[in-house]
Amino acid sequence: MKVLTVIISLLAIALIVFNTTKINLDSPLQGQSIVAIITIVALCCVILMMLILRTSKRIEDKVGKSRK
């Protein structure tokens, strides 16, 4: 599970970098720029969810070990 969350996070970071190049700084809220901005926000949410998942798994492992 740890490897999967790292891979998904790295893909999200790569897509954030790619979409950052698609933003037109002269008019960032028009055309394809708004799509790139929305995608960047969505990818940031994905990274946050992967961090939450890894933290919850780490807590689950610690609680499981203490019960045994």
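We use all heavy atoms of the structure for the numbers below, so side chains are in, but hydrogens, waters and symmetry mates are not. As the structure is a prediction and not an experimental result, all values here were calculated from the model.
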Output all residues satisfying side chain to side chain contact (heavy atoms under 4.5 Å, CB included) with S27, sequence neighbours left out; order by chain, then residue number. N24, Q30
How does the hydrophobic cluster around V35 look, that is, which other residues are in it when side-chain heavy atoms under 4.5 Å mark a link? I13, L15, I16, I23, L25, L29, I34, I37, I38, I40, L43, I47, L51
What residues join L10 in its hydrophobic cluster, counting side-chain heavy atom gaps under 4.5 Å, either direct or through other members? V6
How long is the straight-line distance from CG of L53 back to CE of M1, given to the nearest 0.5 Å? 5.0 Å
Under 4.5 Å side-chain linkage, directly or through intermediates, the cluster mates of L11: V3, I7
Please report the closest heavy-atom contact between P28 and S33, naming both atoms and the distance. O-CB, 3.2 Å
Show which residues join L48 in its hydrophobic cluster (side-chain heavy-atom contacts under 4.5 Å, direct or indirect), or state none. I52
Using the test side chain to side chain contact (heavy atoms under 4.5 Å, CB included), find all partners of C45 that sit at least two apart in sequence or belong to another chain. none
Strictly by salt bridge (charged side-chain N to carboxylate O under 4.0 Å, His left out), give each pair with a member in residues 43-60 just once, sequence neighbours left out. K57-E60
Shortest non-hydrogen pair, S9 vs M50, comes out as OG-CB, 3.5 Å
